[in-house]
Amino acid sequence: MPRFRTLLGVAIAAASATAALPAVALAAPTAPHTALTVDLGDHSPTLVNRSVVYDGETSAVTVTPSAGERLTIRAEAAGSYVSIVVAPPVGQQWMGDGELYGVTRTGDGTFAQFEMTSDGRSCDGAGSLQVDEVYHAAEGVLSSFAAFYQYSCPGDFGLMSGEIRYQSELGYIAAIAEPGVVDFGAQEANADSPTRTVTFRSAGSDPMDFGRATIGEPTRAAFSVVGSTCQDRTLAPGETCTVTVRSHPTEVGQQLAPLLVATDRGAGRVRLSVDGFVGGVIGTYYPLAPQRLMDTRSGLGAPKAKIGAGQRVDLQVTGRGGVPASGVGSVVLNTTVTGPTANSYLTAYPAGESRPTASSINFAPGWLGSNNVTVKVGAGGKVSIYNHAGSTDVVVDVVGFYAADNALKASLGTGGQYHPLAPTRLLDTRKTGGAVPAGQVRQTWVSFDAQADPRVRAVVLNITAVAPTKAGFLSAWSGTGPVPVSSTVNYGAGKVVPNLAIVPTRVCADCVSGRTVPAFSVYTSQTTHIVIDIVGVIDDATLADGLRFKPMSPTRLVDSRIGSGFLGPLPAGETRAITAWRSMVTDITEALAMNVTAVVPTADTVVTVWPADVGLEKPTASNLNPAAGQIVSNAVISGIGPQDRFNMHNLSGSTHLVSDVVGTFYRYLGTASTGTAGAALAGERGLSVVASGVAAPARA
């Protein structure tokens, strides 16, 4: 006989129209079943906290018929009981063959009675009852009954459901889960838990069809299904399948949601819970004074030889250069190419993983240049560096790292959180002061407000060398101590070369009269103009709405050459809005860490990336400055708007663009200014540059 799954409101309306029809007598069954099943489905557990089958095998089921076609069903197992009383609307008889009744706890002339009690708990609930079979032993007394119910208590979300069988020839089925409740316990907000496995058993008298496993409301985003052996399977009674889940709390406090596995009786359900907390250091950034980890010219960290075509070096990054031996999720490396023999590219990726379709730095024969590369740490604390063609020397300096877990807090304290800013120009020597002479330093400061200034630990800058007189390099550091041996921007004579840099700051007491401000310094080895744009800051993890980092293996999001993101070269003066994949972001993701590459522009141009859909005009700052015919990469951290999009703009000529995502920044709930994820978007965070300046130049 049919099983109709009808919404509560529809079920009640149908009952009002049909309940007065007389019952239909049917022949007595020959193979009777007496059983009660409870399937919580997507129902919050007010009365019963797990799905269960009472069928006389492992439980006692007692059914007492009484006058007025009333049945009292009591089922007991393991010291727990469920009792249900059902009766037709006052003055009426039950009608079978799939007749649908609206039900309330007490019933009346319109609604049937359905009173459910479990271990002393009951409620004034409502729902529906579909009667599939009914027989009478005598006038007003039932001898057989089969029905499917749906029921909910006030304030619950969703409906519980189940089967009632009393001396019935109709079979019954249910999905029983073990465990019935999965509590992930206390967990750092926005971090993934270890996986847990739930076993579903087909219970009842007939085979049962299982389908897709999903997460229900109210806090769906706090949990995810990792794997399932249940989908599209029919299980005989007693057979099992499994579903693997993990938690990812999106806020502070308890979060609840059901794991639902579709069945031909609705859904098997397991209650999931997790308590999100803050105070850990996962995803925070620890800046370092630049330290050299690899130089193939000298044999530091790798063999003393150029990296050949199709070759890779597995570089040990943990336990070196100030990077801890454990607890590190990703490292930030300044990677320099020198003396390449062919057009090629390097790809940096986690050691032990398959090499992705992505590039970290692109170059031509004889090119000298650097790129800031964020890399997820792989097997053994290493990252792999692959060269595609020709051969080249490679120099790698570490400038910081992100925490993978909370183990670092005891030894290093809390790292910093990232705050994106509307790109703002701090220094342009073409307009102020003239080219910086070879061997000199520019000391630069920045200010926000009295609350923020003491909490800034590093600044995120796009630093550009413009028209240097000779090949050389820039080094950016806090300004404390001597110029580091590592470089931030490597440039050729006459070129325009940018690089993203996360630069630690120092406290400057004499940059501005009457207060202290964060400051940093930039050294140039050759005479050049210097342009510095600030795009963000790293705080001490206390400023409101800070972002934390979640690393990922490099993933190609945009490649206009093949129509990924958009198709064809981006013309002069045009903008394309790019949507991040849903697999990359969550509701609290606010920025992407990317490597953006311009491929063979037809003219010297400027490429700019910024958040979409937040009302921001195109910034005057640039992310890439490629010359005609070049293939040029630069690291970019861009906010994304409420539709998970960012803009890419090309100034002149036309150019293909490629973007590889290496991680995401999410809004940390421990310092959130509101309880709404995504409320503080890039460029609208309340933290902005209010003043900046350049101190008197100093000889290095």
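Since the structure is predicted, the reported quantities are computational estimates derived from the model, not experimental observations.
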How about [X] and [Y]: do any of their side-chain heavy atoms sit closer than 4.5 Å?
{"X": "Ser638", "Y": "Leu592", "value": "no"}
{"X": "Leu129", "Y": "Trp94", "value": "yes"}
{"X": "Ser118", "Y": "Tyr81", "value": "no"}
{"X": "Leu547", "Y": "Arg667", "value": "yes"}
{"X": "Thr589", "Y": "Ile640", "value": "yes"}
{"X": "Thr37", "Y": "Tyr172", "value": "yes"}
{"X": "Ile578", "Y": "Phe566", "value": "yes"}
{"X": "Met584", "Y": "Met552", "value": "yes"}

Can any side-chain N or O of [X] pair as donor or acceptor with the backbone N or O of [Y] at less than 3.5 Å?
{"X": "Thr104", "Y": "Gly107", "result": "yes"}
{"X": "Ser564", "Y": "Leu557", "result": "yes"}
{"X": "Thr219", "Y": "Leu256", "result": "yes"}

**Report entry** Pair Lys550 + Asp192: basic N to acidic O under 4.0 Å
**Finding:** yes
Query raised in the report: With the threshold set at 4.0 Å, does a side-chain nitrogen-carboxylate oxygen contact exist between Arg582 and Asp644?
Result: yes
Establish, from distance only, whether the side-chain atoms of [X] and [Y] form a donor-acceptor pair under 3.5 Å.
{"X": "Ser247", "Y": "Gln187", "value": "yes"}
{"X": "Arg105", "Y": "Ser122", "value": "yes"}
{"X": "Glu133", "Y": "Ser168", "value": "yes"}
{"X": "Thr244", "Y": "Thr195", "value": "no"}
{"X": "Gln167", "Y": "Ser144", "value": "no"}

Query raised in the report: Excluding sequence neighbours, so at least two apart, what forms salt bridge (Lys or Arg N to Asp or Glu O under 4.0 Å) with Arg556?
Result: Asp559, Asp660
Query raised in the report: Under 30°, 30 to 60°, or over 60°: which ring-plane class applies to Phe665 and Phe549, parallel, tilted or perpendicular?
Result: tilted
Requested in this report: Could you tell me how the ring of Phe223 sits relative to the ring of Phe184: parallel (under 30°), tilted (30 to 60°) or perpendicular (over 60°)?
Outcome: tilted
Query raised in the report: Is it true that the NZ or CZ of Arg548 lies under 6.0 Å from the centre of Tyr666's six-membered ring and within 45 degrees of the ring axis?
Result: no
Query raised in the report: Between Tyr101 and Phe111, does the ring centre distance come in under 6.0 Å?
Result: no
